[in-house]
Number of protein chains: 2
Amino acid sequence: MPNGAQALMQTLVNAGVDVCFTNPGTSEMHFVAALDSAPGMRAVLCLFEGVATGAADGYARMAGKPAATLLHLGCGLGNGLANLHNARKGKVPIVNIVGDHATHHARYDAQLQSDIETVARNVSPGFVRTSRSTPALCRDAVDAVLAANGPPGQVATLILPADVSWGEGGVVESAPHVERPSAASDPVVQAVAEAIRSGGRTAMLLGGHALRESALHSAIRIASHCGVKLFSETFPARIERGAGLPPVERLAYLAEMAALQLKGFDRLVLVDAKAPVSFFAYPDKKSCLSPETCVVLELSSPQEDAAASLRKLAVSSGADNAALSLAPAVRPAAPRGKKLTAEKVCKAVGHLLPHNAILVDEAITSGLMLSKYTAGAPRHDLLTLTGGAIGQGLPNAVGAAIACPDRPVLALIGDGSSMYTIQSLWTIAREDLDVTAIIFNNASYSVLNVELERVGAIEIGPQAKAQLDLSNPVLNFTQIAEGMGVPAVRAMDPEAFTRALERALSTRGPHLIEAIVPPALAGMKLKLLPHILSSLDRMPQPVAHMLIRRLAP
Amino acid sequence: MPNGAQALMQTLVNAGVDVCFTNPGTSEMHFVAALDSAPGMRAVLCLFEGVATGAADGYARMAGKPAATLLHLGCGLGNGLANLHNARKGKVPIVNIVGDHATHHARYDAQLQSDIETVARNVSPGFVRTSRSTPALCRDAVDAVLAANGPPGQVATLILPADVSWGEGGVVESAPHVERPSAASDPVVQAVAEAIRSGGRTAMLLGGHALRESALHSAIRIASHCGVKLFSETFPARIERGAGLPPVERLAYLAEMAALQLKGFDRLVLVDAKAPVSFFAYPDKKSCLSPETCVVLELSSPQEDAAASLRKLAVSSGADNAALSLAPAVRPAAPRGKKLTAEKVCKAVGHLLPHNAILVDEAITSGLMLSKYTAGAPRHDLLTLTGGAIGQGLPNAVGAAIACPDRPVLALIGDGSSMYTIQSLWTIAREDLDVTAIIFNNASYSVLNVELERVGAIEIGPQAKAQLDLSNPVLNFTQIAEGMGVPAVRAMDPEAFTRALERALSTRGPHLIEAIVPPALAGMKLKLLPHILSSLDRMPQPVAHMLIRRLAP
């Protein structure tokens with residue numbers, strides 16, 4: 001009979017959880033020793049827990065099923081919390097295995113003893129369980145996998161005391177039966193269809209699984225047939241886009257801009273999305289972004305099948321045979337000129353993006369023009385920062401590359417963001433992943449300069465300014481990357497950047513390109529931002545929309 | 001009238017909290033803007049929250065008072081959790097300021113919304129408070145500072161909603177009255193004195209504040225006068241040691257060795273320390289380390305004044321005029337030979353340690369011989385890993401250097417440990433701190449190889465082995481450090497290392513030395529470890545004690 005850890009390993013593999021992102025310590029040594037007992041399990045070592053959890057997030061977004069993490073007690077879980085938060089907000093399934101002291105050791109309050117469950121509840125409100133006995137362990141694991149799978153997907157945390165892991169008498173469980181989510185009910189579909197038909201302007205906000213190709217096909221048919229405007233949530237976990245796929249406008253991050261996008265609509269239909277709210281609160285600004293007179297209807301919840309619900313709505317609206325209006329294949333020219341800017345980097349990405357790439361966007365202000373320049377690039381998946389906790393991009397790239405070893409991964413990351421989980425580079429090198437990381441080195445927390453203006457804290461002194469400034473010393477990402485085994489180059493002008501990207505994309509394996517750029521919004525433009533935002537409402541619509549496209553971080 | 005953030009800033013400074021380790025986001029922008037309104041406040045930017053919290057820990061250990069941290073919502077707190085855990089276990093005071101969404105924004109469940117209090121409870125069981133109004137904010141802050149100060153010191157978490165921060169009507173509070181802890185009561189002191197006099201062998205375990213010079217003076221007098229054996233807790237937050245100070249033997253990390261150190265004692269007197277327990281649990285091994293027949297008495301608790309309690313006990317035992325037996329000034333010779341080893345690095349540190357240095361030890365297995373080689377070096381403070389959550393060393397060095405700008409800081413860090421908070425190097429460079437970081441690059445989680453043997457998981461395959469191996473690719477800390485602005489060199493032999501250390505210590509400012517060493521316990525020696533440990537008990541005492549000194553990681 002296997003011990004607990006061995007039985008757990010086989011049960012996870014049986015349940016389809018066959019990748020584990022690990023950062024183990026002593027209390028997890030039996031789990032580690034059991035890795036070789038289940039040949040179907042792939043273990044990927046990470047040097048920091050935030051890498052492991054962010055990799056599990058990226059993996060699940062692309063694999064459509066959860067990976068496991070292996071974390072060391074409450075502290076390991078804490079280190080992994082920010083990226084688990086991102087996964088929670090993105091409704092991405094993850095199975096955390098958190099090692100704990102042996103049950104009989106807990107009462108001694110040894111150094112690493114802490115209340116793990118209380119931390120876990122922050123990211124796993126739906127499933128936190130401490131396994132209490134070796135014979136029950138695998139049933140607990142199956143429950144965790146089922147909870148993680150959802151719908152909707154969630155972070156499930158299984159706490160594994162060392163003695164439950166090393167104990168004899170583990171009982172392997174077979175794959176659990178997973179229920180498929182159902183489509184929205186007929187009355188709901190009909191109500192939505194009637195509302196759309198009843199006149200007035202309708203917008204539809206697509207989130208979660210409504211941003212995959214088959215759901216988008218139905219949505220775009222409804223849009224063209226019924227005159228509905230489509231929006232995507234601001235930060236989707238995964239959206240399929242590019243030439244030959246239905247184009248969808250994303251809601252802007254800046255509340256004032258999103259409010260303008262939604263202005264004039266009489267109703268908003270939600271599909272696997274929540275009603276849009278401001279990312280942060282600001283003095284004297286409202287949190288809710290849709291107009292006050294706008295009626296919000298939910299076609300389908302995250303518990304339901306978005307694609308099937310949209311298909312039903314298309315049929316019900318008579319749109320199921322409408323022509324598909326798809327994004328044409330258009331690429332920008334290669335960027336030119338002497339000075340490299342964030343916009344030119346995005347342009348080069350659009351110019352060169354390979355077919356079937358996975359694009360990870362954590363470029364914050366620098367990624368402003370990425371959507372525009374890649375809209376007509378070959379089809380690709382885009383993964384974004386679902387929960388606002390920066391440090392997600394590089395780990396997501398690790399996980400996406402492991403889920404899809406035959407697809408190139410491009411990760412665009414801000415300099416500030418990259419430093420939260422820079423240890424990802426080592427795992428990228430170690431696993432020889434086909435990841436090209438582009439770091440925008442603008443030597444500042446650029447978005448915070450924007451935010452400092454927006455919160456109305458205009459009078460700022462040198463100490464405050466210093467908190468947003470990364471220029472002393474300027475980070476050298478080329479050296480940092482090479483120190484972790486990733487070949488890297490620094491690009492200072494558009495041609496050098498384009499050449500470097502071309503080279504990286506033509507050679508499978510890890511690459512890092514450090515793009516030296518000025519902050520996306522600098523000087524006067526930044527000072528003007530609050531004024532522009534507060535007067536957006538009074539500008540002619542085309543001018544306002546142009547500004548949204550040029551300015552929205 | 002100041003806004004909330006401005007009043008808070010001034011109140012913190014009034015209460016003696018005049019350093020803030022920051023990693024802010026949008027919800028903290030008013031706090032950031034207020035930094036320049038209180039000229040007494042020094043803000044130190046960190047690129048990752050684990051650096052900020054570990055720096056606050058190191059600062060308080062050396063300054064004897066708390067610093068503040070500035071963290072961004074639940075995710076920022078999560079990223080800082082591991083080093084807050086270390087501070088909690090070390091009873092180190094810290095005041096966390098955790099920004100949150102504006103109170104009216106919480107119900108919208110925006111991207112960064114999460115249950116902050118639940119995370120905070122893991123590290124701040126004694127004080128978590130969400131400030132509810134601007135007028136009450138500064139009273140909340142004073143309560144937080146008082147709670148942090150203790151006794152005993154603790155991590156206090158004040159959650160600061162953005163609107164409470166930006167709101168008008170802040171009321172600055174003046175410095176609170178801090179009660180000094182009292183000494184142990186007369187009856188307790190007399191009972192301990194009588195117990196010691198009553199015959200049998202007594203050991204005294206010193207922890208916390210009992211490891212500062214004045215407490216140690218009383219302790220060593222009691223020891224020599226009454227025949228009491230002194231031990232230090234295994235992982236002190238801060239111990240004053242070196243030539244001219246009382247020497248104290250530290251309890252070993254490995255439970256079997258600590259049990260042997262404590263063998264044969266009839267009683268154990270605790271001074272600001274808890275009864276020793278095994279760091280982890282192992283199959284068929286007990287958690288409690290003192291002999292079953294040993295009577296445990298507490299002279300003074302962490303709530304009491306350890307030095308005053310020991311002084312009373314010295315008087316009560318007639319030891320107050322006993323001669324002080326102090327460590328002689330003895331330094332090891334410079335290390336020689338062709339191959340650099342962890343032991344030789346420790347030897348070079350003992351050979352060169354400057355007067356009044358602060359030594360931060362997170363070298364794990366590589367630091368094995370550090371205590372021995374620095375026992376007679378000029379007086380210094382030693383800071384260790386109080387809570388077992390690795391990634392504490394480099395941030396502690398940041399904080400210690402800011403608390404004591406005139407003292408050289410030497411941080412000895414394992415390669416695996418260093419990567420959890422490697423971003424510390426940037427703050428060391430930015431603040432031009434007098435820190436020399438020594439990274440032991442042995443390309444493995446060496447301690448986990450030891451632990452894998454100890455937990456009895458002997459049969460391990462290639463995947464399990466790979467989880468402990470950092471050799472593919474080998475990290476290049478010299479490149480990583482230079483990428484963050486810290487001048488660095490790599491040393492491969494003893495002479496090169498000694499030269500590099502000499503140079504670093506003779507030039508004020510940041511330095512990193514990467515010591516290329518083999519794992520501290522390798523090959524046969526490691527395989528033998530479980531057998532040696534299980535037979536320690538049956539060996540002649542001098543042999544066993546020699547082995548403890550040579551093998552104890």
Atom group of B:Val474 that falls short of 4.5 Å from chain A, counting heavy atoms: backbone
Review item, side-chain donor-acceptor pairs of residues 100-108 of chain B, under 3.5 Å, at least two apart:
unit_1	atom_1	unit_2	atom_2	d
B:Thr103	OG1	B:Asp163	OD2	2.4
B:His105	ND1	A:Ser287	OG	2.6
B:His105	NE2	A:Ser278	O	2.9

Parallel, tilted or perpendicular: rings of B:Phe48 and A:Phe48 (30°, 60°): perpendicular
Hey, which of B:Gly485, B:Gly391, B:Ser114 has the most heavy atom pairs under 4.5 Å with chain A? B:Ser114
Salt bridge (charged side-chain N to carboxylate O under 4.0 Å, His left out) with A:Lys89: which residues, sequence neighbours excluded? B:Asp109
B:Glu49/A:Tyr420 under side-chain contact (heavy atoms from CB on, under 4.5 Å): CA gap, chis, key distance, verdict: CA-CA 8 Å; B:Glu49 295 87 346; A:Tyr420 289 77; 3.3 Å; yes
Side chain / backbone / both / neither for A:Leu81 at chain B, heavy atoms under 4.5 Å: side chain
Most contacts with chain A, counted as non-hydrogen pairs under 4.5 angstrom, among B:Phe31, B:Phe477, B:Phe280: B:Phe280
Checking side-chain contact (heavy atoms from CB on, under 4.5 Å) for the pair A:Asp469/B:Arg430: CA distance, chi angles, key distance, verdict? CA-CA 11 Å; A:Asp469 167 53; B:Arg430 178 177 175 94; 4.1 Å; yes
When you look at A:Leu468 and B:Met29, which way does the side-chain contact (heavy atoms from CB on, under 4.5 Å) test go after all the steps? CA-CA 10 Å; A:Leu468 317 181; B:Met29 281 300 107; 3.9 Å; yes
What part of A:Leu470 gets closer than 4.5 Å to chain B, counting heavy atoms only: side chain, backbone, both or neither? both
Using non-hydrogen atoms and a 4.5 Å limit, figure out which bit of A:Pro125 sits close to chain B: side chain, backbone, both or neither. neither
Could you check A:Leu475 against B:Leu47 for side-chain contact (heavy atoms from CB on, under 4.5 Å), going step by step and ending with a plain yes or no? CA-CA 11 Å; A:Leu475 290 154; B:Leu47 296 185; 4.0 Å; yes
